[in-house]
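Working notes, beginning with the structure itself.
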Amino acid sequence: MMRTRPLKVALLGCGVVGSEVARIMTTHAEDLAARIGAPLELAGVAVRRPAKVRAGIDPALVTTDATALVKRGDIDVVVEVIGGIEPARSLITTALEHGASVVSANKALLAQDGAALHAAAGEHGRDLYYEAAVAGAIPLIRPLRESLAGDKVDRVLGIVNGTTNFILDKMDSTGAGYQEALDEATALGYAEADPTADVEGFDAAAKAAILAGIAFHTRVRLDDVYREGMTEVTAADFASAKEMGCTIKLLAICERAADGESVTARVHPAMIPLSHPLASVRGAYNAVFVESEAAGQLMFYGPGAGGAPTASAVLGDLVAVCRNRLNGTTGPGESAYTRLPVSPMGEVVTRYHISLDVADKPGVLAQVATVFAEHGVSIDTVRQQSRPDGDGEASLVVVTHRASDAALTGVVEALRSLDTVRGVASIMRVEGE
């Protein structure tokens, strides 16, 4: 039986995502009411520019006073899609204090202050949901938090930023350089005017922190995530990757240590074999590969950004939170019982692809191999090729077996001290094997 009194929703932000949320609430009102058990009412929309025309939204609902809106007391759910740290943090906290549950898409805030926000939600008996914060339309947080609640997740490996995947895919498929591919992404609207958050890995790092915390039931903050951008990836790196049967992706990688006593979270470019499912993720799409003890390998794939896809995830959370509201219950909160430490990047073990510029003369390979051996790093393959211009230099590519980041750092420092090594052209990790 459907309740006739509507559940009141306040919307903070009415940009690309917020306007789609409002549109879907209106156009799918009957379906949403049937799924929830009560109709939804858009009770207010907080914006910075009230004079802007917003199709389908009653101007009487628009306000610039977001604080007054979340303090009203009659609001059942606050949907926050303004982004950033402040005023979003204060508004979410105030909403919870005044009896509203919260649905958010704010990855940066959740990665930085998720524990405090969860504590506030728990204190006031309200929900805090944020499926849209990690992978747009892709259902990922709920499967990790609920569907795999009885399993042990060991690894989460994913492409969680559509802009960077578009750029790298363009470099791979056309041979374009980084700047050329970025310019195309910008022209097509995939990249912001200032793409720093995407190409330097900040966006992906925030998502990695959220994923690691949920997957391993421990608290992982943005500062715990190792981050390396993709601006130094070159066409030559892609050529080397192809020779190895690989491609290059910007990956978010969250892992439980083999002994189960710690976790790691990192974001960086990496070579992955073409046989790996993530290698075939093209354009601006996202995909996340989850490895768990009982379920085995799972992959989640789909559009990771954009107004409609992100709004889909927001509405999914809104339906779940409203159902809880009607039933007088709350959904899963923060699960951080394991309290596992986050290991530094130096302890991370993986394979490496190192490209060196060396003198083209006998004995160089032996010197390089000795450096690797002295640091306990085993070599898998070596490829040396003379330069066609005959300048007395050669390219030397070394692919290692698994080694720690600290050991590899020692190797690189020692290589740079050799007279026969003219430079380290690139270093890239090899994942997905």
Side-chain angles (χ1 to χ4, degrees), residues 11-25 28 79-84 88 102-111 114 128-147 156-169 185-186 188-192 195 197-199 201-215 222 230 249-254 267 277-278 280-290 298-321:
L11 181 60
L12 307 183
C14 198
V16 174
V17 176
S19 60
E20 279 295 310
V21 170
R23 182 188 67 79
I24 295 172
M25 283 182 62
H28 295 180
V79 175
E80 182 272 310
V81 288
I82 57 177
V102 173
V103 173
S104 176
N106 196 330
K107 53 189 170 287
L109 177 58
L110 289 158
L128 174 64
Y129 276 45
Y130 43 90
E131 183 68 67
V134 172
I138 305 172
L140 184 59
I141 290 178
R142 193 170 289 115
L144 283 173
R145 191 164 60 177
E146 299 177 29
S147 302
V156 179
L157 174 77
I159 299 164
V160 295
N161 183 280
T163 299
T164 55
N165 199 60
F166 178 89
I167 293 170
L168 292 173
D169 181 41
T186 304
L188 293 172
Y190 291 125
E192 301 286 346
D198 295 323
V199 300
F202 291 102
D203 175 85
K207 295 171 180 178
I210 296 170
L211 287 174
I214 295 171
L222 181 58
M230 49 163 277
K249 299 291 187 182
L250 184 74
L251 298 178
I253 305 169
C254 311
V267 169
L278 291 178
S280 61
V281 178
R282 313 306 294 265
Y285 275 69
N286 285 188
V288 178
F289 202 71
V290 177
L298 308 170
M299 182 162 157
F300 301 83
Y301 169 84
T310 305
S312 171
V314 170
L315 266 295
D317 278 350
L318 181 59
V319 169
V321 167

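These numbers come from the heavy atoms of this one structure, side chains and all, not from hydrogens, waters or symmetry mates. Since this is a predicted model, take the numbers as computed values, not measurements. One-based numbering along the sequence shown.
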Q. So Leu250 and Asn165, side-chain contact (heavy atoms from CB on, under 4.5 Å) or not? Walk me through it.
A. CA-CA 7 Å; Leu250 184 74; Asn165 199 60; over 6 Å; no
Practice item. Before giving the answer on side-chain contact (heavy atoms from CB on, under 4.5 Å), spell out for Leu318 and Leu315 the whole-Å C-alpha distance, their side-chain angles and the decisive distance to 0.1 Å. Key: CA-CA 5 Å; Leu318 181 59; Leu315 266 295; 3.9 Å; yes
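- Listed here is the closest heavy atom pair of Asp169 and Gly283: OD2-N, 3.0 Å.
- Contact annotation: the side chain of Lys107 never approaches that of Val134 to less than 4.5 Å [non-hydrogen atoms, C-beta and beyond].
- Phe300 has its side chain out of reach of Pro139: every pair of non-hydrogen atoms, C-beta onward, lies at least 4.5 Å apart.
- Side-chain contact check for Val314 versus Val79: some heavy-atom pair is nearer than 4.5 Å.
- Considering all non-hydrogen atoms of both residues, Ala133 and Ile210 come closest at CB-CD1, 4.3 Å.
- Side chain of Ser19 to main chain of Gly15: a donor-acceptor pair is present (N/O by atom type, distance under 3.5 Å, no hydrogens or angles).
- Annotation for Asn161 and Asp198: closest pair ND2-OD1, 2.7 Å, computed over non-hydrogen atoms.
- Other residues, nucleotides and ligands contribute over 12 non-hydrogen atoms within 6.0 Å of the CZ atom of Phe166.
- Note that Arg282 lies outside the cation-pi zone of Tyr301, set by a 6.0 Å cut-off to the ring centre and a 45° limit from the axis.
- Considering every non-hydrogen atom in both Asp317 and Arg142, the closest pair reads OD1-NH2, 2.7 Å.
- Counting all heavy atoms, side chain and backbone alike, Ala132 lies closest to Ala105 at CB-CB, 3.8 Å.
- By the 4.5 Å heavy-atom criterion applied to side chains, Asn286 and Val281 are not counted as neighbours.
- Counting all heavy atoms, side chain and backbone alike, Pro143 lies closest to Glu131 at CD-OE1, 4.4 Å.
- The distance from atom CG of Leu222 to atom NZ of Lys207, rounded to the nearest 0.5 Å, is 12.5 Å.
- Val267 has its side chain out of reach of Ile253: every pair of non-hydrogen atoms, C-beta onward, lies at least 4.5 Å apart.
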**Step-by-step side-chain contact (heavy atoms from CB on, under 4.5 Å) determination, Met230 to Ile167** = CA-CA 10 Å; Met230 49 163 277; Ile167 293 170; 3.6 Å; yes
Item to check | Derivation and outcome, side-chain contact (heavy atoms from CB on, under 4.5 Å), residues Leu140 and Leu211 | outcome: CA-CA 9 Å; Leu140 184 59; Leu211 287 174; 3.6 Å; yes
